[in-house]
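Below is one structure, written out as C-alpha cells, with a few remarks after it.
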2 protein chains.
Amino acid sequence: MEPTATVLDLNQLRRSCSTCALHELCLPAGIGVDDLNRLDATVKDKRMLDRGAVLYRDGDKFDALYVVRSGSLKTFVQNEAGDMQILAFHLPGEIIGFDALASNQHVSQAEALERSSICELPYVQLQQVTSDVPALHRQLMRVISREVVEEHRHLMMMGRQQAQEQLATFLRSLSDRYQRLQRDGNALNLSMSRYDIANYLGLVVETVSRLFSRMEEMGVLEVNRKSVRILRPDLLASLCRTDAASKQKSSG
Amino acid sequence: MEPTATVLDLNQLRRSCSTCALHELCLPAGIGVDDLNRLDATVKDKRMLDRGAVLYRDGDKFDALYVVRSGSLKTFVQNEAGDMQILAFHLPGEIIGFDALASNQHVSQAEALERSSICELPYVQLQQVTSDVPALHRQLMRVISREVVEEHRHLMMMGRQQAQEQLATFLRSLSDRYQRLQRDGNALNLSMSRYDIANYLGLVVETVSRLFSRMEEMGVLEVNRKSVRILRPDLLASLCRTDAASKQKSSG
DNA sequence: GATGCCAGTTGATCTCCGTCAACTGGTCGC
DNA sequence: GCGACCAGTTGACGGAGATCAACTGGCATC
C-alpha cells in the first residue's frame, strides 16, 4: 500500500501477536502461547493508512477482519440518499469488519482518522485456526458480542439522552478507552472532527461546538481545538444525566 | 415454566429443527441433514411465555441462546436511572441472547409481547456441536453479524431520519419481515404498544399517535388499534425519505 | 351494567436543537 | 507573506417534536 517511506515502520514493528502491546485488548486475549503462534502465522504484514484512506467500503467483498494497531478509524453506513451515519470510532486493539460476515460483503465503510496501522486477518486462514482452536473461536464470538453491546450503548445514548448528556457520555467513554490503553484519560486528543462527533451523536456541528464552549464555561473542560482536557471528571459524570427525574421519554 | 395448560402444545409441536417451519430462517439454514440431527439433540423442550413474561433480565447468568418459535418479544436496555431503550422486536425464526457472550451475563432484558414459544439452545452443548461442525460455527457467526447490521439500520434511522420517516421505515421493515414469514405484509398485527414503538424510535407516544393519524389521513394506512393495513405501499416507501435533499444532518 | 383503569388520541403550548448567516483562525499552496 | 479554503465558533431565528392536559374507548372486575 505504502511506498518506501514506511518500509522502516514495517521492519521495526515486526508483527507478532505474542509480543504486541495490544495483546490483552486484541483477539488473542486468553489464548495459550502455542495457539498464539498459530494465530500469529495468519496475520498478514501490517498496512499503513494515511488520514482519510479507506480500509474497506460498502459493497467490498469480505476477505479479512482488521485490528487497529495504532491511530484510529471511523466506521459508517450510508443510505441511498447518501446520508451518512457514523457507527463508531475505533482505537488500537479493536477489531473491525464483522458487518461483512452476514452477507460476505461489507455493508459499511471504514476510514482512517489519522495515520494508522492495521493488522489484517484473512478470514479463510482465520477459519482454519478457529476450527482447530476452540478457545479462539469462543474469543472471536466474545469480540463480536462486545460490538453488539457497544451498539446498545450507542442506541441508548441517541434515543434517550439530550445533546449535552450525549456529549458528556461520549467524552467519558473516550476517556475510559484511553485509560485502558494506558493513556491519560483526562487529556484527550480527538482524532475526529466536530462534524464526525456531531454525526455520531445524531446532532449538527453547531450544537456540538456550542456544547464544548458551554462545558468550558462551566469549568468542566479545557478545549483547544482537537485537544480536550477534562478538568472536573466528577462534573462531567454528573452531566451524563440531567436531573435523574421522570421525563416521559425515559424510564417505563 | 408452564403447568398443565400447555402440555398439549408441547406434545403437538414436537421439537425438531429439520421439520420446523422456521428451518430456513433459523440457525440451521444451510446445514446438512446429519448435522441438523446433532443440533436437534441440543435443543431443549420449548418454553411458553405469557405476555409480559421475562425470558432473561439484565445481570442474568448466560447459559443459553433462544430462538423465537412463535409470538414475539422485545429486547431492551436500561441505564442506572431506569430509562429504557428498546433495541429490537423479535419475530419467529430470530435468535436472541448474543449480548451475553461478551461477559457471560446478559446486559439486556427480553420480554414477551404476546404469548410466545421459545426454543432454548443451552450454550455449553451448542459449543460442543459447533466445534464438531464448522459449518454451524460459521452460521452462528453469520447470525450475530446480521444482528450487528440490523443495529446499524436502527442507528441510521434514529440519527438521521425525522419522526415520520422513522415510522414509515419501521412499518416497511416490519412488512418485509412479515412477508418472509409467509404472512400478508400489508396486514400488520402489531404486538407491541404505541409506547414501545415510540421508545424504539426515540420518540414519545403522542408523536407516534399523531403520525399514525396523519398517515391514515393521507390514505397510506388504515389503522384500527393494533391492526394496521398498508393501503399504499408505494406512498409508504416514499415517506421513508422526505425530499432527498441536502439537510445538514444528512450526507457528508 | 356500573366502575375503574389503562392505552391511545387530540389539542395547546413550550423548548431544545436545527437552520441560516456571519465571522475567526489555522493551514496549505504559490 | 498573501490569499484561498476549510474547520470551527457564535448569534439570531424558527420549527419539529416534547410536554402538559383533557378526553375517549376497550376491557376487566365486581
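Any value given below was found using the heavy atoms of this structure, including those in side chains, with hydrogens, waters and symmetry copies removed. Proteins come first, then strands; the chains are lettered A, B, ... in the order of their sequence lines, and each starts at number 1.
- A donor and an acceptor atom, one from each side chain of Glu151(A) and His152(B), are located under 3.5 Å apart.
- Remark: the backbone N or O of Met84(A) is paired with a side-chain donor or acceptor of Asn199(A) at under 3.5 angstrom.
- In this structure, the CD atom of Gln161(B) is 16 Å from the C1' atom of dG17(D), given to the nearest Å.
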Restricting both atoms to N or O, compile the protein contacts to nucleotides 7-14 of chain C shorter than 3.5 Å, with distance only.
| from | atom 1 | to | atom 2 | distance (Å) |
| --- | --- | --- | --- | --- |
| dG8(C) | OP1 | Lys226(B) | NZ | 3.4 |
| dG8(C) | OP2 | Arg194(B) | N | 2.9 |
| dT9(C) | OP1 | Arg194(B) | NH2 | 3.2 |
| dT9(C) | OP2 | Arg194(B) | NE | 3.0 |
| dT9(C) | OP2 | Ser209(B) | OG | 2.8 |
| dT9(C) | O5' | Ser209(B) | OG | 2.9 |
| dT10(C) | OP2 | Ser213(B) | OG | 2.3 |
| dG11(C) | N7 | Arg210(B) | NH1 | 2.8 |
| dG11(C) | O6 | Arg210(B) | NH2 | 3.3 |
| dA12(C) | N6 | Arg210(B) | NH2 | 3.4 |

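- For the side-chain contact (heavy atoms from CB on, under 4.5 Å) with Cys119(B), the qualifying choice from Leu22(B), Leu65(B), Val67(B) is Val67(B), the only one to do so.
- Taking the screw axis at each terminus of the helix from dG1(C)-dC30(D) to dC30(C)-dG1(D) from five consecutive base pairs, the angle between the two is 50° to within rounding of 10 degrees.
- Pairs of residues two or more places apart, or lying in two chains, that qualify as salt bridge (charged side-chain N to carboxylate O under 4.0 Å, His left out) and include a residue from residues 181-205 of chain A are Lys74(A)-Asp196(A).
- Atom CZ of Arg160(B) and atom P of dA16(D) are 17 Å apart (whole Å).
- Rounding to whole angstrom units, CD of residue Gln164(A) and P of dG18(C) are separated by 14 Å.
- In this structure, the CG atom of Leu201(A) is 18 Å from the P atom of dC16(C), given to the nearest Å.
- Distance Leu211(A) CG to dG18(C) C1': 13 Å, rounded to the nearest Å.
- Nearest heavy atom pair, residue Pro233(B) against residue Asn186(B), reads CG-OD1, 3.9 Å.
- Taking 4.0 Å as the cut-off between side-chain N and carboxylate O, Arg241(A) and Glu80(B) do not count as a salt-bridged pair.
- Atom pair Asn224(A):CG and dA7(D):C1' shows a separation of 14 Å (rounding to whole Å applied).
- At whole-Å resolution of the value, CG in Leu203(B) and C1' in dC16(C) are 15 Å apart.
- A distance of 4.5 Å separates CD1 in Ile197(B) from CZ in Phe170(B), rounded to the nearest 0.5 Å.
- When atom types are taken as modelled, the side chain of His154(B) and the backbone of Leu87(B) share a donor-acceptor pair closer than 3.5 angstrom.
- One interatomic measurement links the two molecules: CG of Leu113(A) to P of dA7(D), which rounds to 14 Å at whole-angstrom precision.
- Ring geometry for Tyr56(A) against His106(A) counts as parallel: the plane angle stays under 30°, on a 0 to 90° scale with 60° as the upper cut.
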